[in-house]
Amino acid sequence: MSSSWRLTDVPDQSGRTIVVTGTTVGGLGHFTALELARRGARVVLAGRSATKVAETESAIRTEVPAASLEQLVVDLSDLGSVRSAAAAASSYGPIDVLINNAGVMATPHTRTGDGLELQMATNHFGPFLLTGLLLPQLVASGDARVVAVSSQFHRYAKAAPLGDPRQDAGRYDKWRTYGATKLANLLFTYELDRRAREAGLPVEALAAHPGFAGTHLAANGQYGRSSGGVASILDATIKAVSQSAAAGAWPTLMAATADLPGGTYCGPSGPAQLAGAPQVVTGSRASRDADAMRRLWETSEETTGIRYP
């Protein structure tokens with residue numbers, strides 16, 4: 001597929017159930033959910049708090065009054081919360097698409113209640129567990145897709161995160177750690193697609209990255225907020241030099257709805273993949289390391305306590 005993909009290429013989604021994580025108003029997940037709802041999908045808005053999810057539902061209904069929306073509260077940094085959310089999601093029946101969009105960026109060093117570094121917990125282990133728990137419902141759809149939202153920052157990772165996730169390996173570098181989580185997203189995607197194919201499951205895994213999109217993610221990660229003082233300055237700077245969050249959602253929408261094979265990675269077509277119409281792109285060499293895929297998978301199963309079929 002060429003760079004000619006446009007938002008108008010998203011086909012009718014009536015009759016499909018699509019789960020989107022990280023749907024905070026103004027972010028990539030919000031605009032991903034909005035466009036899918038606009039095209040008739042039943043969209044499950046998954047977010048960290050009932051308040052945030054309700055705000056997103058309200059924002060979408062102002063544009064699509066008849067939208068078919070469900071609310072699901074899940075804190076991906078908390079494995080217990082992920083299990084509770086998956087149990088609640090069992091009532092939705094077959095799931096056609098799971099979009100693992102939620103993430104945190106370059107946060108200060110923090111350990112979660114599960115003993116995991118916060119970025120790895122939120123960006124990789126939580127989505128790994130959620131995907132595994134929802135897999136029976138994905139399989140039940142007969143033709144499912146799992147989409148991971150990665151980042152060009154995956155190229156900044158020194159190596160795949162294959163060490164003991166409950167132990168610090170040297171000095172904490174928040175940006176390299178973020179890069180490692182985004183590399184993990186790609187390794188997980190390619191390994192999930194391979195394993196599903198090998199097991200004969202009707203599930204494909206694809207990935208996307210938004211380029212440089214004007215969201216609050218960086219300011220939230222750095223300062224725990226997107227406004228006030230230096231956070232406002234960072235937030236405004238990013239918006240001034242980036243494409244909109246709505247445009248940043250396009251590669252995800254392409255990965256979720258276009259006629260593409262499993263293992264495809266979508267990103268902007270412009271210089272350095274920072275902006276532009278989505279196209280099929282290629283990740284770093286490290287993201288194609290089959291041994292790293294297998295080892296990360298084994299570590300992830302051990303860490304989250306789930307065994308994929």
Exercise. Using distance alone, with no hydrogens and no angle criterion, decide if Gln273 and His209 have a side-chain donor and acceptor under 3.5 Å apart.
Key: yes

Quiz item: Taking a hydrophobic cluster as the set of Ile, Leu, Val, Met, Phe, Trp and Tyr residues connected by side-chain heavy atoms closer than 4.5 Å, whether directly or through intermediates, do Leu296 and Met293 fall within one such cluster?
Solution: yes

Quiz prompt | Atom pair NE2/CD of His109 and Gln119 - distance to nearest 0.5 Å | solution = 10.0 Å

Quiz prompt | Same cluster (ILVMFWY, side-chain, under 4.5 Å), Ile95 and Leu76 | solution = yes

Quiz prompt | With Val53 via side chain to side chain contact (heavy atoms under 4.5 Å, CB included) - residues at least two apart | solution = Leu45, Gln71

Self-check item: Check against side-chain contact (heavy atoms from CB on, under 4.5 Å), Val146 and Leu206
Solution: CA-CA 6 Å; Val146 176; Leu206 296 87; over 6 Å; no

Self-check item: Nearest-0.5 Å distance, OG1 of residue Thr303 to CG of residue Asp114
Solution: 10.0 Å

Quiz item: Between Arg197 and Val203, is there a donor-acceptor pair closer than 3.5 Å when you use the side chain of the first and the backbone of the second?
Solution: no

Quiz item: Under the side-chain contact (heavy atoms from CB on, under 4.5 Å) criterion, do Arg145 and Asp96 qualify, and how do the steps go?
Solution: CA-CA 6 Å; Arg145 200 168 273 201; Asp96 297 278; over 6 Å; no

Exercise. State plainly whether the residues Arg111 and Asp168 are in salt-bridge range, i.e. N to O under 4.0 Å.
Key: yes

Quiz item: So, the side chain of Thr299 versus the backbone of Arg295: is there a donor-acceptor pair under 3.5 Å, distance only?
Solution: yes

Quiz item: Does any N or O in the side chain of Arg39 come within less than 3.5 Å of the main-chain N or O of Glu35, such that one atom is a donor and the other an acceptor?
Solution: yes

Quiz prompt | Ala292: side chain to side chain contact (heavy atoms under 4.5 Å, CB included) partners, not counting sequence neighbours | solution = Ala160, Leu162, Leu187, Asp289

Exercise. Search all heavy atoms of Pro161 against all heavy atoms of Ala184 and return the closest pair with its distance.
Key: CG-CB, 4.1 Å

Quiz item: Is the side chain of Gln137 donor-acceptor paired with the backbone N or O of Gly93 at a distance under 3.5 Å, no angle test?
Solution: yes

Practice problem: Return yes if a side-chain donor-acceptor contact under 3.5 Å exists between Thr17 and Arg42, otherwise no. | Solution: yes

Quiz item: According to the interplanar angle, ranging from 0 to 90°, do the rings of Phe188 and His124 count as parallel (below 30°), tilted (30 to 60°) or perpendicular (above 60°)?
Solution: perpendicular

Quiz item: Phe128 vs Tyr308 aromatic rings, parallel, tilted or perpendicular, using cut-offs 30° and 60°?
Solution: tilted

Quiz item: What's the spacing between Tyr172 OH and Lys174 NZ if we round to 0.5 Å?
Solution: 8.0 Å

Quiz item: Got a sec, which residues hit ring-ring contact (aromatic ring centres under 6.0 Å, His included) with Tyr156, two or more places apart in sequence or on another chain?
Solution: none

Self-check item: Pair Asp75, Ser81: side-chain N/O donor-acceptor within cut-off below 3.5 Å
Solution: no

Quiz item: Going by distance alone, is a donor N or O of one side chain under 3.5 Å from an acceptor N or O of the other, for Thr131 and Asn100?
Solution: yes

